[in-house]
Amino acid sequence: MAALVPDSGELWISRAEIATRLGRRADALAALARAEALRLTDGQSRRVMARYLEWKDYRSASARLDALLRRSPADAGLLVERARLSAQTGDRTAAAAALARARAQNPGPETLLQIALAYGEARDFARAFELTETLVASRPRDAGVWLARAEFAAGTGNRAAALEALARADALQAGGENRDDEQGRAVALGYQSLKEYGRAIELFSRLIQRHPGAASFLSDRALCEHLNGADDAALADLRAATRLEPKFLPAYLTEGAVLTALDRLPQAAALYDEALAKSPAQDDDPLRPAIAAARKELLLKTSK
């Protein structure tokens with residue numbers, strides 16, 4: 001198709017997107033370069049920028065983004081992207097300036113939430129938390145807004161506000177047509193981060209009831225059980241998780257850490273070996289190096 005219609009920007013962008021999904025960096029970047037040489041719509045330019053960001057080619061992404069901003073300097077969404085890109089490259093001053101410009105455009109609630117999230121990514125939790133005051137007033141039944149508020153409150157050290165926001169998020173998403181299990185998991189993880197392990201365990205248990213075959217929820221609950229001092233329960237959940245999904249490496253990593261903490265080093269070593277055997281290198285699981293490193297550290301401990 002590229003040979004038949006070499007001047008189609010849409011074709012080259014699609015080729016870059018397919019190459020990205022296949023993990024073929026050189027092919028993706030070559031296709032993006034071909035697309036950039038053609039006349040693109042703003043929507044196509046945004047897709048090109050997004051692919052560059054996926055490959056962490058910040059220079060190319062920045063050039064494409066700045067070209068878009070020259071055409072639409074008051075686009076709050078683009079200014080948020082500019083802020084995020086500046087933050088990723090370490091320029092927090094430029095990030096703050098872009099977010100201030102975005103706020104000056106009187107954005108709607110969705111863009112305002114993106115601005116708050118960008119402040120959070122830049123670890124400016126005070127400004128992010130301030131913006132959620134407006135958001136919870138305009139979208140009081142949006143669990144995602146309350147979750148963001150909880151994160152930012154925790155970032156500022158305001159534990160009471162974080163717990164209140166988590167409770168509001170949980171009440172909104174827990175039942176009925178508004179139920180969202182990913183948000184439910186986020187609420188539980190929020191309680192975990194605040195060391196409210198008992199509450200987190202309750203919420204993970206609720207998720208497990210709805211999804212008894214989900215290894216991820218069992219693994220999540222196990223970590224909270226371990227942190228709450230219930231190691232036997234944690235190990236039982238982790239073994240159940242790996243029975244359900246024999247290649248689920250997060251469960252192996254957590255179980256190895258629990259066994260190591262209990263000074264059951266031979267068992268931990270055997271577990272790591274089992275995990276590595278069940279997830280060969282060609283599987284390219286991103287957690288495999290972490291398990292290999294934990295196994296190596298364990299070997300050093302036992303050789304002393």
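We're numbering straight along the sequence, starting at 1.
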- Those residues at least two apart in sequence (or on a different chain) that pass side chain to side chain contact (heavy atoms under 4.5 Å, CB included) with A230 are E225, A233
- Task: List in chain and number order the residues that pass side-chain hydrogen bond (donor to acceptor under 3.5 Å, both in side chains) with N158, two or more places apart in sequence or in another chain; answer none if no residue qualifies.
- Result: none
- Item | Side-chain hydrophobic cluster, 4.5 Å single linkage: members besides F248 | none
- With sequence neighbours left out, the residues meeting side chain to side chain contact (heavy atoms under 4.5 Å, CB included) with Q44 are E10, I13, L40, T41, R47
- ILVMFWY clustering at 4.5 Å (side-chain atoms), partners of L223: Y197, L227
Would you list the atom pairs, donor with acceptor, under 3.5 Å between side chains in residues 263-270 and any protein atom, with sequence neighbours excluded?
residue, atom, partner, partner atom, Å
R264, NE, Q267, OE1, 3.0

- Message: Show me the pairs that pass side-chain hydrogen bond (donor to acceptor under 3.5 Å, both in side chains) and involve residues 89-106, at least two apart or across chains.
- Response: R103-E130
- Taking only residues two or more places apart in sequence, or in another chain, which ones meet R71 in a side-chain hydrogen bond (donor to acceptor under 3.5 Å, both in side chains)? D42
Could you list the donor-acceptor pairs under 3.5 angstrom formed by side chains in residues 186-196, with sequence neighbours left out?
residue, atom, partner, partner atom, Å
S193, OG, G190, O, 2.7
E196, OE2, R159, NH2, 2.5

Taking only distance into account, with no hydrogens and no angle test, what donor-acceptor pairs under 3.5 Å do side-chain atoms of residues 72-82 form with protein atoms, sequence neighbours excluded?
residue, atom, partner, partner atom, Å
D75, OD1, G77, N, 2.9
D75, OD1, L78, N, 3.1
D75, OD2, R46, NH2, 2.7
R82, NE, S86, OG, 3.4
R82, NH1, S62, OG, 3.0
R82, NH1, D66, OD1, 2.7
R82, NH1, D66, OD2, 3.3
R82, NH2, S62, OG, 3.3

- Query: Who pairs with E274 by side chain to side chain contact (heavy atoms under 4.5 Å, CB included), at least two apart in sequence or on another chain?
  - Reply: Y252, L271, K278
- Hey, could you give me each pair passing ring-ring contact (aromatic ring centres under 6.0 Å, His included) that has a residue in residues 204-240? Not counting sequence neighbours. H211-F217
